[in-house]
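Everything numeric in this text was worked out from a predicted model, so none of it was measured.
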Amino acid sequence: MKTTVDKIVKAYAKLGDVKVTTLEDKEVMKVIRMRKAMRPVSEDFNAFLEDVKTKFKPEGFEDTVRKAQEGWDKMTDSEKRAANELVTGYNRKVDEAVREEADREVEIEFEALSEDSLTKLMKENSLTVSEMEMLDL
């Protein structure tokens, strides 16, 4: 099946968090195999994201963030504005840099869960409809 890297990363994370106690053993094994198939894509993307974050981090970024976290109320309006601009600019650069990779289509093979199993997952984990759509690749 073809899907995007972003969808795989989100589904991989969500499948790692779900409880599967109401599923039959064969369906639990499908969940495990799905995560196994998704793991390389997810881990590669997360490593790519960390590289991007590191390379685009401006000088003084961590000091500025720490200062804002420790004493936002003590900062002048000018300092607050500069901190906001620094963080916003950094986040924008990171988002732009990873967008193409996140939107890239990849081929991934695994056996999908049955509709009954997806319903059980939804009920057992109080998943929203959008979370269910994420898992119904």
Is the centre of the Y90 ring less than 6.0 Å from the centre of the F56 ring? no
Polar side-chain atom of E70 near backbone of K67 as donor-acceptor pair, under 3.5 Å: no
Verdict with reasoning, K120 to D116, per salt bridge (charged side-chain N to carboxylate O under 4.0 Å, His left out): CA-CA 6 Å; K120 286 179 181 179; D116 183 52; 3.5 Å; yes
Is the closest side-chain donor-acceptor distance between T22 and E124 under 3.5 Å? yes
Treat each ILVMFWY residue as a node, draw an edge where side-chain heavy atoms are under 4.5 Å apart, and state whether V65 and V94 are in one component. yes
If you draw a 6.0 Å radius around CD in E107, do more than 12 non-hydrogen atoms from other residues or ligands fall strictly inside? yes
Closest heavy-atom pair and its distance - L86, P58: CD1-CG, 3.4 Å
Neighbour count above 12 (heavy atom, 6.0 Å) for K36 NZ: no
Using side chain to side chain contact (heavy atoms under 4.5 Å, CB included), reason through F45 and D6 one step at a time and then give a plain yes or no. CA-CA 8 Å; F45 178 78; D6 184 55; 5.7 Å; no
Interatomic distance, CE@M34 vs CE@M29, rounded to 0.5 Å, equals 13.0 Å
Find out whether T4 and R104 are in side-chain contact, i.e. whether some heavy atom of one side chain is under 4.5 Å from a heavy atom of the other. no
Minimum heavy-atom distance Y12-R35, with the two atoms named: O-NH1, 2.5 Å
Side chain of S42, backbone of M38: donor and acceptor closer than 3.5 Å? no
Indicate yes or no: does R92 engage D95 in a salt bridge with an N to O separation below 4.0 Å. no
Taking the side chain as everything from C-beta on, heavy atoms only, tell me whether F110 gets closer than 4.5 Å to K30. no
Trace of the side chain to side chain contact (heavy atoms under 4.5 Å, CB included) decision for K2 with V106: CA-CA 6 Å; K2 275 196 172 216; V106 292; over 6 Å; no
How many angstroms lie between CE in M1 and CD in E105, if you round to the nearest 0.5 Å? 12.0 Å
Please find the pair of heavy atoms, one from T119 and one from M132, that lie closest to each other, and give the distance. N-CE, 4.4 Å
Any side-chain heavy atom of V9 sitting closer than 4.5 Å to one from L49? no
Give a yes or no on whether M75 and F61 share a hydrophobic cluster (residues Ile, Leu, Val, Met, Phe, Trp, Tyr; joining criterion: side-chain heavy atoms under 4.5 Å apart). no
Quick one about T128 and S130 (side-chain donor to acceptor, distance below 3.5 Å, no hydrogens or angles considered), yes or no? yes
Could you give the distance from CZ (R81) to OG1 (T88), rounded to the nearest 0.5 Å? 13.0 Å
Would you call K14 and E131 a salt bridge, using N to O less than 4.0 angstrom? yes
Check: N125 side chain, K19 main-chain N or O, donor-acceptor pair, under 3.5 Å: yes
Nearest 0.5 Å, what's the CG-NZ distance between D77 and K80? 5.5 Å
Hey, what do you get for CZ (R39) to CG (L15), rounding to the nearest 0.5 Å? 11.0 Å
Is it the case that over 12 heavy atoms from other parts of the model lie below 6.0 angstrom from the CD atom of E96? yes
Answer yes if V129 and L121 sit in the same cluster of Ile, Leu, Val, Met, Phe, Trp and Tyr residues linked by side chain heavy atoms under 4.5 Å apart, and no otherwise. no
Rounded to the nearest 0.5 Å, how far apart are NZ of K7 and CD of E133? 9.5 Å
Please assess L113 against V31 for the test side chain to side chain contact (heavy atoms under 4.5 Å, CB included), listing each intermediate value before the final yes or no. CA-CA 7 Å; L113 294 173; V31 170; 3.8 Å; yes
In this structure, are over 12 heavy atoms from other groups packed under 6.0 Å from E115 atom CD? no
Hey, mind stepping through S114 and E27 against side chain to side chain contact (heavy atoms under 4.5 Å, CB included) and telling me if it holds? CA-CA 8 Å; S114 68; E27 294 294 301; 3.5 Å; yes
